[in-house]
Amino acid sequence: MAIYSATVTSPVNIAVIKYWGKRDPSLILPTNSSLSVTLSQDHLSTRTTIACSADFKSDRLWLNGVEEDIQASKRLVNSIGTARALRAAEEAKNPELPRLSQYKIHVCSENNFPTAAGLASSASGYAALVSALGELFKLPQSTAELSRVARVGSGSACRSMFGGFVAWRMGEKDNGEDSMAQQVAERAHWPELQALILVVSDKKKAVSSTAGMQTTVETSALFAERVRSVVPARMEAMEKAIQERDFAEFAKITMQDSNQFHAVCLDTYPPIAYMNDTSHAVTRIIHAYNAAKGYTAAAYTFDAGPNAVIYAPKSEMRDLVELFAYLFPRDEDVLAEVFYTNPFSLVNAEEVGQTISDPAVRKLAETVGKFQAGAVRRLIHTEVGDGPRVLDQSETLLTESGMPKHARE
């Protein structure tokens with residue numbers, strides 16, 4: 001059996017200027033441009049292997065070890081179909097190329113983080129899918145051009161096609177040809193910037209982003225003003241802040257845009273509430289933390305879910321880890337090394353939450369007081385990361401016969 005395959009990993013991205021709303025749902029054309037930070041794949045990633053063979057009987061899909069109906073997702077079918085069409089065009093130019101566009105494919109994908117809980121799993125998933133298809137089919141298109149294919153699967157996926165700081169330009173053309181991702185700055189541009197993710201819930205959200213944003217477009221009076229004037233001005237200001245590595249301005253815009261995004265969700269009818277009490281507590285704590293420091297030291301943002309992403313310079317991360325681990329003790333059923341992802345060895349996982357080094361931060365913690373154990377499920381400390389990575393054959397998720405290595409019933 002002759003099998004062709006490719007394996008890639010793709011990163012999560014967390015927007016600092018939010019994408020919310022489509023002007024064309026079928027092509028996933030957004031109502032506004034957006035901008036995100038790509039996070040390190042060492043801590044948050046989707047790994048996808050795609051294999052094709054003349055011997056495969058049908059297209060098949062496995063997500064986290066469980067087989068799914070690949071035909072059930074129109075977006076998935078469209079993304080695969082678009083990549084096949086691009087491959088077919090190359091085959092038409094070169095008769096010596098194997099006719100991979102005509103073969104059935106097996107797709108196996110795994111996340112190392114909670115799916116559909118506000119951590120952009122669809123973005124990394126579709127970016128991994130398209131990157132793997134591009135590698136499998138040896139497509140000549142640029143990363144920006146392939147980001148259009150990822151966009152058809154999940155809008156924000158186009159931003160996960162690049163590392164560093166990435167804008168999704170909304171474009172103007174009705175066919176979506178100019179709606180694609182563009183790297184604003186490489187990861188090496190601002191190496192001091194890091195992120196601390198507070199996983200408040202790893203459960204699937206009640207209202208999906210797809211359903212929520214279309215209801216917002218149809219019912220929110222605040223939404224039109226956001227699209228018309230607020231986002232264009234913030235995009236310009238945010239790109240300037242990134243280029244100048246101006247954290248105070250970056251933080252201000254990030255928090256303001258997160259606040260407005262969730263205000264628009266609440267202005268939707270019926271209202272959509274993605275944040276919970278713990279989420280709102282985190283926003284108050286960050287403002288109090290900045291006040292205690294005497295300068296803008298950290299910024300929060302929330303996507304369509306309750307989980308918080310805290311951006312801060314590397315120099316602030318020890319204080320932030322100690323503060324949040326103290327305020328939100330881990331549940332007894334969660335192992336220390338699971339509760340705190342500790343790649344930078346700032347605080348020992350077994351000791352996290354027991355001490356706070358900075359006197360001002362300690363005073364703040366004592367003033368706020370501890371929350372119920374388990375209110376925050378995990379702390380993930382990470383940094384700005386690169387774009388999709390092509391892995392070698394030893395890291396494939398499929399066996400030599402094209403079946404999953406880790407299948408579950």
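- Using a cut-off of 4.0 Å between Lys/Arg side-chain N and Asp/Glu carboxylate O, D267 and R226 are scored as not salt-bridged.
- To the nearest 0.5 Å, the span separating NE2 on H106 from CD1 on I70 amounts to 9.0 Å.
- Here V227 pairs with T31, N32, F223 under the side-chain contact (heavy atoms from CB on, under 4.5 Å) rule; sequence neighbours left out.
- The aromatic rings of H262 and F302 lie perpendicular to each other, with more than 60° between the two planes, well past the 30° mark.
- The pair K293-E316 meets the salt-bridge criterion, with a side-chain N (NZ, NE, NH1 or NH2) lying under 4.0 Å from an Asp/Glu carboxylate O.
- Between the side chains of S5 and Q393, a donor-acceptor pair is found at a separation under 3.5 Å.
- At a cut-off of 3.5 Å, with distance as the only test, a side-chain donor of T399 or S401 sits close to an acceptor on the other residue.
- You'll find the side chain of E322 stays beyond 4.5 Å of the side chain of V361, heavy atoms only.
- When every heavy atom of S160 is checked against every heavy atom of P388, the shortest pair comes out as O-CD, 3.4 Å.
- Between the side chains of S229 and E225, a donor-acceptor pair is found at a separation under 3.5 Å.
- Under the 4.0 Å criterion applied to side-chain N and carboxylate O atoms, K93 and E90 are assigned as salt-bridge partners.
- Among all heavy-atom pairs drawn from T7 and E395, the shortest one is CG2-O, 3.6 Å.
- For the residue pair K18 / T301, a side-chain donor-acceptor distance below 3.5 Å is found, with atom types taken as modelled.
- Residue Y126 is tested with S121, S154, S156 for a side chain to side chain contact (heavy atoms under 4.5 Å, CB included); the sole match is S154.
- A donor and an acceptor atom, one from each side chain of S179 and W168, are located under 3.5 Å apart.
- Residues H381 and Y340 keep their aromatic ring centres 6.0 Å or farther apart.
- Of the charged side-chain nitrogens involved, none lies within less than 4.0 Å of a carboxylate oxygen, so that D246 and K252 do not count as a salt-bridged pair.
- Side-chain contact between F137 and L86: absent, with no pair of heavy atoms (C-beta onward) separated by less than 4.5 Å.
- Ring orientation note: the planes of W20 and Y274 are nearly perpendicular, at an angle over 60° on the 30°/60° scale.
- A salt bridge links E239 with R169: the closest approach of a Lys/Arg side-chain nitrogen to an acidic carboxylate oxygen falls below 4.0 angstrom.
- For the residue pair T46 / N111, a side-chain donor-acceptor distance below 3.5 Å is found, with atom types taken as modelled.
- Looking at heavy atoms from C-beta onward, L193 lies in side-chain contact with F165 at the 4.5 angstrom threshold.
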